[in-house]
Amino acid sequence: MLIPRQSVPELKVETLTSGPFDLAADGSEFATLVVFYRGLHCPICATYLKELGRLTPEFAQKGVKTIAISSDNEERAQQMADKVGTPDLRFGYGLSLSVANEWGLYISTSRGKTSIGIEEPALFSEPGVFLVKPDNTLYFASVQTMPFVRPHFQEMVGALDFVQKNEYPARGEYTGAV
């Protein structure tokens, strides 16, 4: 389990339009919003990423860079980027499942074709949303076992005003005995 205020695992992937992505060197002003999605086969992911893409300029105004990452190959990632249609959103691809596991993402097995007729990969990671500070420490995390009920990006944009104005610390950092 990742712990707020502590370093996150290394995260390096290729992107469709921005060259190699290295989270530790991303250079955000406030944080990088890393959104792990299931892959091209997931219609809920496409809708979710459209919202992220639409709000990416608002995140940027608050010093937050965004990236959507999956274990899909380049071709499938490009198809998802085309489907989402938001040029401001970076798409990373080729996430290894061992790295997904280090990030605490759940791994699922294929059930064949989805409701939109696209074959699921043999193994793929379930969704996760992480806000990582420029010092590579975790600020926020949400991990799902299902494609449903994910954090709302509009709510995150609004929360950033409060967080930044009040220098609100990352919470959930306690690791002692309970």
Side-chain angles (χ1 to χ4, degrees), residues 1-13 15-38 42 44-70 80-81 84-93 95 99-106 125-178:
M1 175 169 53
L2 302 184
I3 306 295
R5 301 185 198 172
Q6 293 186 17
S7 293
V8 297
E10 183 176 81
L11 181 59
K12 295 180 180 182
V13 293
T15 68
L16 295 174
T17 59
S18 306
F21 171 81
D22 180 351
L23 178 60
D26 198 37
S28 64
E29 182 185 327
F30 181 76
T32 299
L33 180 60
V34 178
V35 178
F36 294 105
Y37 69 99
R38 301 171 83 224
C42 178
I44 296 170
C45 293
T47 301
Y48 194 59
L49 295 178
K50 283 180 186 180
E51 180 72 356
L52 176 60
R54 185 181 71 76
L55 292 170
T56 287
E58 291 184 46
F59 278 113
Q61 289 173 359
K62 298 177 187 313
V64 176
K65 292 184 171 185
T66 61
I67 186 165
I69 300 173
S70 78
M80 180 61 96
V84 170
T86 54
D88 293 331
L89 179 58
R90 295 180 290 176
F91 277 84
Y93 62 90
L95 175 72
V99 170
N101 193 266
E102 289 175 12
W103 278 79
L105 301 178
Y106 292 92
S125 65
E126 291 296 339
V129 177
F130 298 83
L131 199 57
V132 180
K133 300 290 282 179
D135 65 359
N136 217 40
T137 59
L138 180 64
Y139 187 79
F140 167 87
S142 177
V143 177
Q144 281 77 29
T145 62
M146 293 281 202
F148 319 108
V149 193
R150 304 182 201 187
H152 297 281
F153 294 123
Q154 186 67 56
E155 188 176 328
M156 286 179 144
V157 168
L160 285 169
D161 289 332
F162 176 84
V163 162
Q164 292 172 340
K165 179 183 174 191
N166 296 291
E167 297 181 18
Y168 197 80
R171 303 310 308 266
E173 77 288 354
Y174 181 77
T175 58
V178 292

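Checking Thr86, Val84, Asp88, Thr66 one by one against Leu52, the side-chain contact (heavy atoms from CB on, under 4.5 Å) holds for a single residue, Thr66. Screening Leu23, Val99, Asp22 for a side-chain contact (heavy atoms from CB on, under 4.5 Å) with Lys12, the sole residue that qualifies is Asp22. For the side-chain contact (heavy atoms from CB on, under 4.5 Å) test with Pro151, the passing option among Val129, Leu131, Val35 is Val129; the others fail.
Across Glu126 and Met146, no two heavy atoms sit closer than the pair OE1-C, 3.8 Å. Heavy atoms only, all atoms of each residue included: Pro147 and Cys42 are closest at CB-SG, 4.2 Å. Counting all heavy atoms, side chain and backbone alike, Gly92 lies closest to Val13 at CA-CG2, 3.9 Å. The shortest heavy-atom contact between Leu2 and Pro9 is CD2-CD, 3.6 Å. Taking every heavy atom of both residues into account, Gly172 and Pro4 meet most closely at O-CD, 3.3 Å.
Using a distance-only test at 3.5 Å, with no hydrogens or angles considered, no donor-acceptor pair links the side chain of Arg90 to the main chain of Thr17. Without hydrogens or angle criteria, Glu58 side chain to Val157 main chain gives no donor-acceptor distance under 3.5 Å. With Tyr48 contributing its side chain and Phe148 its backbone, the two residues share no donor-acceptor pair below 3.5 Å. Between the Asp135 side chain and the Thr137 main chain, a donor and an acceptor come within less than 3.5 Å of each other.
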Assess the residue pair Val8 and Asn136 against the criterion (side-chain contact (heavy atoms from CB on, under 4.5 Å)); give the C-alpha distance rounded to whole Å, side-chain angles, the decisive distance to 0.1 Å, and a yes or no. CA-CA 6 Å; Val8 297; Asn136 217 40; 3.7 Å; yes
Could you go through Met80 and Cys45, starting from their C-alpha distance and side-chain angles, then the distance that decides it, and tell me whether this counts as side-chain contact (heavy atoms from CB on, under 4.5 Å)? CA-CA 9 Å; Met80 180 61 96; Cys45 293; 4.0 Å; yes
Test side-chain contact (heavy atoms from CB on, under 4.5 Å) on Leu11 and Leu95; report intermediate values, then the result. CA-CA 9 Å; Leu11 181 59; Leu95 175 72; 3.9 Å; yes
I would like to know whether Lys133 and Arg5 meet side-chain contact (heavy atoms from CB on, under 4.5 Å); could you show each step before the answer? CA-CA 9 Å; Lys133 300 290 282 179; Arg5 301 185 198 172; over 6 Å; no
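Rounded to the nearest 0.5 Å, atoms CD1 (Ile3) and OG1 (Thr175) are 6.5 Å apart. Distance check: Glu10 CD to Trp103 CH2 gives 10.5 Å after rounding to the nearest 0.5 Å. Considering CG of Asn166 and CG of Asp161, their distance stands at 10.5 Å, rounded to 0.5 Å. Annotation: the span from Tyr139 atom OH to Arg171 atom CZ amounts to 9.5 Å, rounded to 0.5 Å. Summarising the geometry, atom CD1 belonging to Ile67 is positioned 14.0 Å from atom CZ belonging to Phe130; distances are rounded to the nearest 0.5 Å. Distance CE/Met156 to CZ/Phe140: 4.0 Å, rounded to 0.5 Å.
Taking 4.5 Å as the limit, every side-chain heavy atom of Ser70 sits out of range of all side-chain heavy atoms of Arg38.
Residue-environment remark: OH (Tyr106) stays at or below the threshold of 12 foreign heavy atoms within 6.0 Å.
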